[in-house]
Amino acid sequence: MLKANVILAAILSCASLASAHYTYPTLLVNGQATGDWVNVRRTNNFNSNGPVTDVSSADFRCYTSQTNARSSTANVSAGSRIGFQSNQAVYHPSVTNVYMARAPGDVSSWDGSGEVWFKVHEVSANTNGGTQMTFPSQNSNKVEFAVPRNLPSGQYLVRVENIALHGASSFGGAQFYISCAQINVTGGGSGNPGPLVAIPGVYTGREPSIMLNIYYPVPRTYNNPGPAVWTG
Ligand SMILES: *[C@@H]1O[C@H](CO)[C@@H](O)[C@H](O)[C@H]1NC(C)=O
Ligand SMILES: *[C@@H]1O[C@H](CO)[C@@H](O)[C@H](O)[C@H]1NC(C)=O
Ligand SMILES: [Cu+2]
């Protein structure tokens, strides 16, 4: 009976309604939304809200292969609080990573290729020792963090990645909700962000944090995929 309920919950949370999906169209700077697709490059799914599921696809970086979108670049002082807001509360049981990459020149014409991305923030899951898994990202509509004070000044892409895990028990079943913002960090320091990874390339899709059954048996531990967070 208990197991049947668990499976039913899994099926319900997997509903393929567009309303179940979401995007991250808005940058937040010190708590203020800067507007939909203003500082965030408009993603292919701006209508469908659908996810990326192929971690090796070009769309895994910024999800803009169809829009080819560029956005305007927001000035952000190092140490300030930035983030992303979703177009509706995050419906799925999920975890979140935020990566940044420094553009070699003008970020508005840069595609973010190469081993250039470092992780600046993550929101993980709680497993309660394998008794019950809870997801702080779920039912939230924003993810926020402080830009490290000693991040070098310059132009950056900021990429949010929310990983929905309700269907993750088979390969390719995890759903990635992605977008990239353009920021110009001012008043920064002389830190050396890392470890650096390429996106796509950072994941195979078979990591125990990407390909797993979150319902039964409940995992005893969970760590977000990708490198350690660079805190400055
Ligand atoms: C960012 O700051 C520079 C220098 O002050 C300014 O010229 C530019 O207009 C600002 N960008 C935006 C989008 O406000
Ligand atoms: C970035 O900020 C610096 C320092 O304020 C400014 O000189 C430069 O014009 C800004 N660049 C952009 C693209 O906003
Ligand atoms: Cu969905």
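The chain is numbered in sequence order, starting from 1. Both counts, for ligands and for their atoms, begin at 1 and track the order of listing.
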Once you measure the plane-to-plane angle for [X] and [Y], does it fall in the parallel (<30°), tilted (30-60°) or perpendicular (>60°) bin?
X      : Y      : result
Phe145 : His121 : parallel
Tyr156 : Phe118 : perpendicular
Trp110 : Trp117 : parallel

Report, in ascending order of atom number, the atoms of ligand 2 lying under 4.0 Å from any heavy atom of Gln155.
13 (C)

Any N, O or S atom of Tyr177 closer than 2.8 Å to the Cu ion (ligand 3)
yes

Under 3.5 Å, N/O to N/O: give me all the pairs between ligand 1 and the protein, one per line with atom names and distance.
from	atom 1	to	atom 2	distance (Å)
ligand 1	2 (O)	Asn75	OD1	3.4
ligand 1	2 (O)	Asn75	ND2	2.4
ligand 1	11 (N)	Asn75	ND2	2.9

Can you list, by chain and residue number, the hydrophobic cluster partners of Phe171 when the side-chain cut-off is 4.5 Å?
Met211

Hey, what else clusters with Leu28 if you join Ile, Leu, Val, Met, Phe, Trp, Tyr whenever side-chain heavy atoms sit under 4.5 Å?
none

What N/O/S atom of His21 is the closest to the Cu ion (ligand 3)?
ND1

In chain order, what residues pass the ring pair (Phe, Tyr, Trp, His ring centres under 6.0 Å) check against Phe135, with sequence neighbours excluded?
none

Name the residue from Tyr91, Phe46, Tyr177 that meets the ring-ring contact (aromatic ring centres under 6.0 Å, His included) definition with Tyr22.
Tyr177

